[in-house]
Amino acid sequence: MTETHRTKQAEDRWNWLWEWANPVKFMSLSGKILPWVMGLCALTLLPGLIWGFFFTPEAVNFGSSVKIIYVHVPTAMLAINIWVMMLVASLIWLVRRHHVSALAAKAAALIGLTMTVAALFTGAIWGEPMWGTYWAWDPRLTSFLILFLFYLGYMALWGAIDDPDTAADLTSVLCLVGSVFALLSRYAVNFWNQGLHQGASLSLDKQENVSDVYWQPLVLAIVGFSLLFVTLLLLRTRTEVRRRRTHALETRERMADA
Amino acid sequence: MLDLGKYAVAVYASWAIALGLVVLLVLITLRQSAKAKLDLDAAEARKAARHG
């Protein structure tokens with residue numbers, strides 16, 4: 001390694017991130033921060049949900065159905081954001097070939113799929129009394145359904161290919177393609193005005209926000225759900241790293257026996 | 001029990017489905033994590049035994 005190269009590497013402002021790419025360092029770092037993330041998750045998710053369910057009033061137009069936002073909005077936000085996280089991890093894999101980032105994307109998929117299903121069901125249940133139908137081919141609903149199918153396809157592709165690096169390559173490309181629908185799920189409401197689904201419940205534009213009495217517990221629930229995602233992501237990525245190591249050891253055993 | 005009026009079924013069903021899915025996800029994650037750890041420990045033990 002040349003002196004210039006070494007200096008460049010030392011000056012890389014992303015060094016803190018690349019440290020996570022080393023499986024041994026990842027296991028050590030993630031093991032240390034997991035209890036803290038779990039604790040913060042419990043401290044935000046439980047109060048957020050209890051506050052939202054028990055201590056918020058009925059809304060003028062929506063009655064008690066407004067309480068559905070505390071499970072619908074965080075799961076819907078995560079469904080989209082998890083795909084974006086998978087996109088970033090996939091790009092890191094494609095560009096820098098860090099195995100942990102490919103495994104993190106794989107680990108996140110089931111969490112994203114669960115959040116998408118939860119958002120679709122809670123949205124449908126809320127839609128029936130509000131719109132008079134469980135389902136409509138509304139731009140946001142439709143792109144969300146396609147996002148759900150992309151999650152399924154992504155997981156199926158990981159399961160269908162034996163070679164882990166090839167699987168990581170192909171799933172990363174699929175993730176890039178699916179990102180169009182993840183973005184559509186978020187912005188379809190802004191593109192097409194004919195849909196049933198209303199605009200964002202939370203926005204930097206204060207006029208669009210729900211009132212504070214609903215907004216405060218909602219923010220707490222969103223933070224709680226996000227920390228739940230980080231907790232599960234770390235746990236699941238650790239599982240994937242262990243599986244990869246086991247697979248490597250078993251392969252070596254078979255080669256030694258042959 | 002809260003009085004949720006005519007939206008009671010919708011609210012309870014939404015919460016039950018969302019939280020049920022999350023609990024199921026947590027249980028699957030913990031189970032997979034425990035199994036992966038056991039499998040790796042066994043593989044490492046076999047490797048250690050081979051190399052004396």
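Numbers restart at 1 for each chain; the letters A, B, ... are given by sequence-line order, proteins then strands. Scope of the values below: all heavy atoms of this structure, side chains included, with no hydrogens, waters or symmetry mates.
- Taking the six-membered ring for Trp, A:Trp126 and A:Phe62 have ring centres closer than 6.0 Å.
- For a residue to count as touching a neighbouring chain, one of its non-hydrogen atoms must lie under 4.5 Å from one of that chain's; by this rule B:Ile17 touches chain A with the side chain only.
- In terms of heavy-atom pairs under 4.5 Å with chain B, the best-connected choice from A:Leu235, A:Leu232, A:Thr231 is A:Leu232.
- Looking at A:Arg245, the atoms closer than 4.5 Å to chain B (heavy atoms on both sides) sit in the backbone and in the side chain alike.
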Counting only pairs under 3.5 Å, give me each side-chain donor-acceptor contact of residues 112-120 of chain A, with atom names and distances, residues two or more places apart or in other chains.
unit_1: A:Thr114; atom_1: OG1; unit_2: A:Leu110; atom_2: O; d: 2.7
unit_1: A:Thr116; atom_1: OG1; unit_2: A:Gly112; atom_2: O; d: 2.7

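- Contacts between A:Glu250 and chain B at a heavy-atom distance below 4.5 Å involve the side chain alone, from C-beta outward.
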Working for salt bridge (charged side-chain N to carboxylate O under 4.0 Å, His left out), residues A:Arg252 and A:Asp257: CA-CA 9 Å; A:Arg252 268 184 233 162; A:Asp257 292 341; over 6 Å; no

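- A:Leu249 touches chain B through its side chain: at least one heavy atom from C-beta onward sits under 4.5 Å away, while N, CA, C and O do not.
- Neither the backbone nor the side chain of A:Glu240 comes within less than 4.5 Å of any heavy atom of chain B.
- Checked against the 6.0 Å centroid threshold, A:Trp51 and A:Tyr70 do not count as a close aromatic pair.
- Side-chain contact between B:Asp39 and A:Arg242: absent, with no pair of heavy atoms (C-beta onward) separated by less than 4.5 Å.
- Heavy-atom pairs under 4.5 Å with chain B peak, among A:Glu58, A:Arg236, A:Glu128, A:Lys67, at A:Arg236.
- Of the listed residues (A:Phe53, A:Phe121, A:Phe225), the greatest number of heavy-atom pairs within a distance under 4.5 Å of chain B belongs to A:Phe53.
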